[in-house]
Amino acid sequence: MATISVPENVSVFLLDIEGTTTPITFVKDVLFPYIKEHLEEYLGAHWEEDECKQDVQLLKKQTEEDLKQHRACPVHAVDQTVHTDEEKAIREVVDSVLWQMAADRKTTALKQLQGHMWRAAYVSGKIKGEVYQDVVPAIRRWRQYGLKIYIYSSGSIEAQKLLFGYSIEGDLLDLFDGHFDTNIGAKVESKSYEKIAERIGCSPENIMFLTDVTREAKAAEDAGLNVALVVRPGNMELTEEERNHYRTITTFSLLELTKSA
Ligand SMILES: CSCCC(=O)C(=O)COP(=O)(O)O
Ligand SMILES: [Mg+2]
């Protein structure tokens, strides 16, 4: 695959995580199964804590929103193993979370709870964040050229910091100048990228966004950012039209800086 020249006016890289810095398999085969396996036990253990109460509150608001929008929501069957009000409330949260996860929804409510649940797994060493081999050397090189590096993922900022802070390559948080999540807006909305540029303090054309998802690339492009689609094993196949329209890379090392160090 050919190299891509990064325009000279680019001073910021904005990076997606899943499918870009990190294999989709790590998210689908490690992170998500951890949530499914520990959800009920986690809620039972933390139910009375403020953080958990806030997470549950946000999930309830999301469910109300979904009902208003007529999105299908889980229907609660009468369950003989549920006795107390707390057990019933926990079961409702479990159903809602599993339903959202089955649809791979990127709601802030779901992502916030997931981030809080992964904390213990990362801190105990049970889970280590996976990062493609080409990612760290490329970021270090870009930083030597004075570029700034930001993350924009649907995963909560806390989840992002856990993934890179407890990664297979050690604590990588020093590589990043900042993090954005869906609190700034959805990744498929152009407005989110305009807000990110504003928050960073640069023009959209000074940013290069790397992602595996075409809808995100389109939203960023519409906001005036430079974009490249990242093609990694297991990522969604691109159509011929997408391949013709977007610049694509299979590794970060294919990005060639045109500015001098
Ligand atoms: C960084 S947290 C784990 C990944 C995750 O939950 C997710 O939704 C990833 O979405 P992305 O925007 O990085 O593709
Ligand atoms: Mg992605």
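Residue indices begin at 1 and follow the sequence shown. Read the numbers this way: they start at 1 and go in the same order the structure lists the ligands and their atoms. Everything quoted here is computed from the prediction, not taken from an experiment.
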Could you establish whether Tyr152 and ligand 1 come within less than 4.0 Å of each other, counting only heavy atoms on the residue side?
->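 No; Tyr152 lies far enough from ligand 1 that no heavy-atom distance drops under 4.0 Å.
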Pair [X]-[Y], side-chain donor/acceptor within less than 3.5 Å:
X	Y	value
Gln62	Asp66	yes
Gln100	Thr107	yes
Thr108	Thr182	yes

Between Phe209 and Tyr152, what is the ring plane arrangement, given parallel below 30°, perpendicular above 60°, and tilted in between?
-> tilted
Using a 4.0 Å cutoff against the non-hydrogen atoms of [X], which atoms of ligand 1 qualify?
X	answer
Ala159	2 (S)
Leu31	3 (C)
Ile17	1 (C), 13 (O)
Lys106	7 (C), 8 (O), 9 (C), 10 (O)
Gly155	2 (S), 7 (C), 8 (O)
Ser154	8 (O), 10 (O), 11 (P), 12 (O)

Heavy atom under 4.0 Å from ligand 1: found in Phe164's side chain, backbone, both, or neither?
-> neither
Measure the distance from [atom] to every protein heavy atom, then report the residue, atom name and distance (to 0.1 Å) of the closest one.
atom	value
atom 13 (O) of ligand 1	Ser153 OG, 2.7 Å
atom 9 (C) of ligand 1	Glu18 OE1, 3.2 Å
atom 5 (C) of ligand 1	Lys111 NZ, 3.7 Å
atom 14 (O) of ligand 1	Asp16 OD1, 2.9 Å
atom 12 (O) of ligand 1	Lys187 NZ, 2.6 Å

What angle, in degrees and rounded to 10°, do you get at the Mg ion (ligand 2) when you join it to OD1 of Asp212 and to O of Glu18?
-> 90°
Do we get Arg232 above Tyr132's six-membered ring, with its NZ or CZ under 6.0 Å from the centre and within 45° of the axis?
->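 The answer is yes; both the distance and angle limits are met.
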Does Phe252 have Arg140 sitting over its ring (NZ/CZ under 6.0 Å from centre, angle to axis within 45°)?
-> no
Test Glu158 against His179 for side chain to side chain donor-acceptor pair (under 3.5 Å), laying out the working first.
-> CA-CA 9 Å; Glu158 178 158 8; His179 298 255; over 6 Å; no
Check whether any N, O or S atom of Glu216 sits under 2.8 Å from the Mg ion (ligand 2).
-> no
Can Thr214 and Glu242 be said to form a side chain to side chain donor-acceptor pair (under 3.5 Å), step by step?
-> CA-CA 8 Å; Thr214 321; Glu242 288 166 345; 3.3 Å; yes
Restricting to N/O/S, name the atom of Asp16 that gets closest to the Mg ion (ligand 2).
-> OD2
Nearest-0.5 Å distance, CZ of residue Phe164 to CG of residue Leu175 =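 Rounded to the nearest 0.5 Å, the CZ-CG separation comes to 8.5 Å.
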Positive for side chain to side chain donor-acceptor pair (under 3.5 Å) with Asp55, one of His46, Gln114, His116 =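 Answer to the side chain to side chain donor-acceptor pair (under 3.5 Å) test with Asp55 among His46, Gln114, His116: His116.
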